[in-house]
Amino acid sequence: SILSAFYKKIENRLERWNFENRVKINFDTDYKVFDIVISIKSRKSYGKGKRAIAYTACLLGLLDYCLAQEKNFSNLLIIDSPLTTFKGKKEIPSNIQGKLEFKDKVKTLFFNDLANTPKNCQVIILDNELPPKNLFDKLNTQIFTDDLNEGRQGFFPK
């Protein structure tokens, strides 16, 4: 029952991100695998972008589970590049001033979901992908540069 409650938290994240239709999480306990199974498909059978998204859902699902069960957890996650390699299906939602605007639904939903992180938690995402501009303030977005006169030089400033 503990694992099924944990799986449900991962499923909820993946569903909110529109990862796939009808996500069902299970676990392969074989010592050579020991990883989640997404809708009867092993996580390693996905491309590296979808694997990264699924791994991030596991981490955030663990945070969700610990919060819901009031388990001791630092409430801090640092996740490196969950979206960089993800190349989801593109949509063309509108034609603005002659320019086609491409949006990636999974990435947008990912950032919207992240903006709803409980106030007693901190999730640090290091990625080349930027959230939509309307979420910059909600997500405390920092852009790292190599320029000493502009922006922040890195996660650990020089």
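For this chain, numbers begin at 1 and follow the sequence in order. Note that these values count all heavy atoms, side chains included, but never hydrogens, waters or copies made by symmetry.
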Note: Gly61 and Phe6 closest approach over all heavy atoms is C-CE1, 3.7 Å
*Would you indicate whether the side-chain heavy atoms of Val37 and Ile25 approach each other to under 4.5 Å?*
no
Between the OG1 atom in Thr141 and the CZ atom in Phe111, the distance rounded to the nearest 0.5 Å is 7.5 Å
Side chains of Glu20 and Tyr46, heavy atoms from C-beta outward: is any pair under 4.5 Å? yes
Next on the checklist: I want to check something: taking the side chain as every heavy atom from C-beta on, are Arg22 and Ser39 in contact at a cut-off of under 4.5 Å?
Outcome noted: no
Using modelled atom types and a 3.5 Å cut-off, is there a donor and acceptor pairing between side-chain atoms of Asn128 and backbone atoms of Thr84? no
| 4.5 Å side-chain heavy-atom contact, Trp17 and Thr56 | yes
Heavy-atom closest pair (Ala52 atom, Pro82 atom, distance to 0.1 Å) is CB-O, 3.6 Å
Inset, instruction - Let me see the working for Leu59 and Leu63 under side chain to side chain contact (heavy atoms under 4.5 Å, CB included), right down to the final yes or no. - result: CA-CA 6 Å; Leu59 294 175; Leu63 176 65; over 6 Å; no
I'd like to know whether OH of Tyr55 has more than 12 heavy-atom contacts from other residues, nucleotides or ligands below 6.0 angstrom.
no
In short, salt bridge (Lys or Arg N to Asp or Glu O under 4.0 Å) pairs touching residues 108-125 with sequence neighbours left out are Arg13-Asp113, Arg16-Asp113
Note: Leu126 and Phe155 closest approach over all heavy atoms is CD2-CD1, 3.9 Å
Hydrophobic cluster membership, with links at side-chain heavy-atom distances under 4.5 Å among I/L/V/M/F/W/Y: are Ile2 and Leu60 in one? yes
query = Got a sec: does the CG of Leu76 have more than 12 other heavy atoms crowding it under 6.0 Å?
reply = yes
Q. More than 12 non-hydrogen atoms from neighbouring residues, nucleotides or ligands closer than 6.0 Å to CG on Asn120, yes or no?
A. yes
Is it the case that more than 12 heavy atoms not belonging to Asp137 sit under 6.0 Å from its CG atom? no
Residues pairing under salt bridge (Lys or Arg N to Asp or Glu O under 4.0 Å) where one sits in residues 31-45, two or more places apart or in two chains, turn out to be Asp35-Arg43
Close side-chain approach of Ile125 and Val123, heavy atoms under 4.5 Å = yes
(message) When you compare the side chain of Gln122 with that of Ile124, does any pair of heavy atoms fall below 4.5 Å?
(response) yes
I want to check a possible cation-pi pair here: Lys50 against Phe86, using under 6.0 Å from ring centre and within 45° of the ring axis as the test.
no
Between Ala54 and Leu14 the two heavy atoms that sit nearest each other are CA-CD2, 4.3 Å
Worked verdict on Asn112 versus Leu135 for side chain to side chain contact (heavy atoms under 4.5 Å, CB included):
CA-CA 7 Å; Asn112 281 324; Leu135 294 176; 3.2 Å; yes
On a heavy-atom basis, the closest approach of Glu15 and Val23 is OE2-O, 3.6 Å
Check your understanding: Among the clusters formed by ILVMFWY side chains lying less than 4.5 Å apart, do Leu109 and Ile79 turn up in the same one?
Key -> no
The remaining residues in the hydrophobic cluster of Leu130, counting side-chain heavy-atom contacts under 4.5 Å among Ile, Leu, Val, Met, Phe, Trp and Tyr, are Phe136, Ile143
- How about Phe73 and Tyr65: are their ring centres within less than 6.0 Å of each other? no
Query - Any Ile36 side-chain heavy atom under 4.5 Å of Asn26 side chain - result: no
Notebook entry, point to check: Are Leu3 and Ile10 connected, step by step, through hydrophobic side chains (Ile, Leu, Val, Met, Phe, Trp, Tyr) whose heavy atoms are closer than 4.5 Å?
Noted result: yes
Notebook entry, point to check: Below 4.5 Å, heavy atoms only, C-beta onward: do Asp28 and Ser42 meet side chain to side chain?
Noted result: no
In short, Thr85 meets Gly49 closest at the heavy-atom pair OG1-CA, 3.3 Å
